[in-house]
Amino acid sequence: MKLSVAIASAIEALFANMLRSFLTMLGIIIGVASVMTMMAMGQGAKARIDAQISALGASTLTMRPGARRRGGRSLGAGAATPFTEADVKVLRSLPFAHLVSGQLNSSVTAVSGQTNWSTSLTGSDESYFAIHDWKPTQGRLFNAREVRSGAALAVVGKSIVKNLFDGMDPIGQRIRINNVPVTVIGVLEEKGQSSFGSDRDDVIIIPLTTARNRIIGAHPTTPKNVSRIELMVADGYDLKQAQNDLGEFMRERRHIKAGADDDFMVFNIADFIRARAATQSTMGVLLAFMAAVALFVGGVGVMNIMLVSVTERTREIGLRMALGARGSDIMVQFLAEALVLCGTGGLIGIIFGFAGAWVAAKTGDWALSISPQITLISLGAAVAVGLFFGFFPARRAARLNPIDALRYE
Amino acid sequence: MTKTPFIKARAVSKTYIMGDQEVHALRGIDLDIAQGEFTAIMGPSGSGKSTLMNLIGALDQPTSGHMLIEGHDLSTMRPDDLADLRNRTLGFVFQQFNLLPRANALQNVKLPLRYARHRSIDADARARECLELVGLGMRMDHRPAQLSGGQQQRVAIARALAGNPRIILADEPTGALDTKTSEDIMDLLGRLNASGITIILVTHEPEVADFARRQIHFRDGRIESDTRRPR
């Protein structure tokens, strides 16, 4: 018997018992809808994490001086000899370094007119913006020449505009940072909260030299110091490999003996976020488990109703066998019914899954993310459930003895 | 009539276990039925006539002995081959018609052709032809519930004919019909027999059995008498 014929007669048989078919489908509908919602939520969360990683620089390594020990006593992070602009320059010549930027950071008070605001100051070079993929929405960024000359310029985040300028156009305005006047030349596009909860737009960025010479002050023993170096790995280089190579290079440069601990740290920000996301995914695993249970229960419902159907139609099965149906024909007939039941339930479930994912996206505040793969996987799960739970009743029908089936009362 | 035996039963016994009791439905039957014969099997209920029909119909296997159709021993055949034999060689007519209630006459007649393997038959044309033959050409799209008992049995006969069988097995085909309709049905079976189809009929009505040229009487699982009346 052809499959198309089997499916056509399966649809007919299911229509004959419409209410029962629908109630049976309900389990599959709920199961598929939860599978779909769960996957869409997982994918949405992943998309958000990816967005966070790319905002921080997907291929950026961050390096800071580490703890230094003196007489067995730890002097805390950052106590070791700081990096310098010379380090930045050397690192720029490494083959895997696409961009390198040195930074100094400090908490400062900024004043404009009568308003003052405590914020964080970053002194850096022109590469900083490229590494962080940060563009101005108004005005411009400072360039390499202005960094070298120590120009008194500042680029500010959106939160500075809001808090210090009350939303007014700040371009050309003069602000005082710890009493040092600088001119605002640009406003950066909004980045929102970081995954750690801090406001990434509450920042003033000025040339590194200006920051060191006029506001923060140089390190007592190491002039031209930077407190942190960011290195963007060039395309085609493995981030992990680059992380190792950078570590090796710096050990050699800082004359650290074999076996001794590093006095600096190389981080990979993406790793941090992924590790944090992994703890959040426990929730996802729980959701997945519940969706699987829902689908399983739906499948058991299908099996139950298929067994009832086989029993009810025992005489019909006997008749078909008398007319020449082989066991396999009977098997195909009942498997087709289970498949149509689950396939239809799957399609309806996908519609509800869309709705569920939409609600989840609204309440969870991330983009609706339903890919064709998710839809196909959901439908595939429904069909697999149909095959799995339809198999036993179908085999039972196929194994009936013709005369017993025909005589069944 | 000295044709080679077409259906052969050799020492066929069938024993059912009912609870802790053995019921001997057939006790060592030997029987030959030639091609083209019209045979009525008669006897009281429980005499074994229906059991024999089920064995000839390849729906059941004997407890001992051999059942042969066209020289094939049914006990050595696999279930799929038995299904194909039923589809190709046998046609069944039942007392309760056994039509699918949701399908119309044409769809019911086409049903066995759905299981026809290794044969290319235009199912639609063949089913129409068979319905015309039983005189239901005008009612092909009627469902069983919209047809009288006699008409339903005609649909069932058309269904039995669809696969172009050489044997039609009719188990009490008139059991659920009135006298006039019964005669029509028996006339129809008589015409099919005249066209060369071997017909085996189970009945306990003598008037119905009189349509057959050979009458076999069963009692207690044995053949009591086997008579042929001349043409």
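Convention: sequence-line order gives letters A, B, ...; per-chain numbering from 1.
Atom CZ of A:Arg407 is separated from atom CG of B:Leu59 by 9.0 Å, given to the nearest 0.5 angstrom. The CZ atom of A:Arg315 sits 11.5 Å away from atom CG of B:Leu100, with the distance rounded to the nearest 0.5 Å.
Environment of CZ in A:Arg396: sparse, with no more than 12 heavy atoms of neighbouring residues, nucleotides or ligands closer than 6.0 Å. The number of heavy-atom neighbours closer than 6.0 Å to OH of B:Tyr16, taken from other residues, nucleotides and ligands shown, is above 12. B:Asp80 CG: more than 12 foreign heavy atoms inside a 6.0 Å radius. Annotation: B:Asp141, atom CG; neighbour count of heavy atoms from other residues, nucleotides and ligands within 6.0 Å is above 12.
Considering only heavy-atom pairs separated by less than 4.5 Å from chain A, the leading option among B:Leu82, B:Asn87, B:Asp81 is B:Asn87.
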Apply the test side chain to side chain donor-acceptor pair (under 3.5 Å) to residues A:Arg320 and B:Tyr115: give CA-CA distance (whole Å), side-chain angles for both, the deciding distance (0.1 Å), then the verdict. CA-CA 9 Å; A:Arg320 287 173 185 269; B:Tyr115 303 117; 2.8 Å; yes
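B:Arg114 and A:Asp329 are not joined by a salt bridge, as no carboxylate oxygen comes within less than 4.0 angstrom of a charged side-chain nitrogen.
Using a 4.5 Å heavy-atom cut-off against chain B, the contacting residues of residues 398-406 of chain A are A:Asn401, A:Pro402, A:Ile403, A:Leu406.
Side-chain atoms of A:Arg326 never come within 3.5 Å of backbone atoms of B:Asp84 as a donor-acceptor pair (strictly under, hydrogens ignored).
Side-chain contact between A:Leu319 and B:Phe92 is absent, with no heavy-atom pair separated by less than 4.5 Å.
Between A:Ala325 and B:Ala83 the shortest heavy-atom distance is O-CB, 3.6 Å. Shown here for A:Ala322 and B:Arg86, the closest heavy-atom pair between the two residues is O-CB, 3.5 Å.
With a 4.5 angstrom heavy-atom cutoff, B:Arg159 touches chain A only via side-chain atoms.
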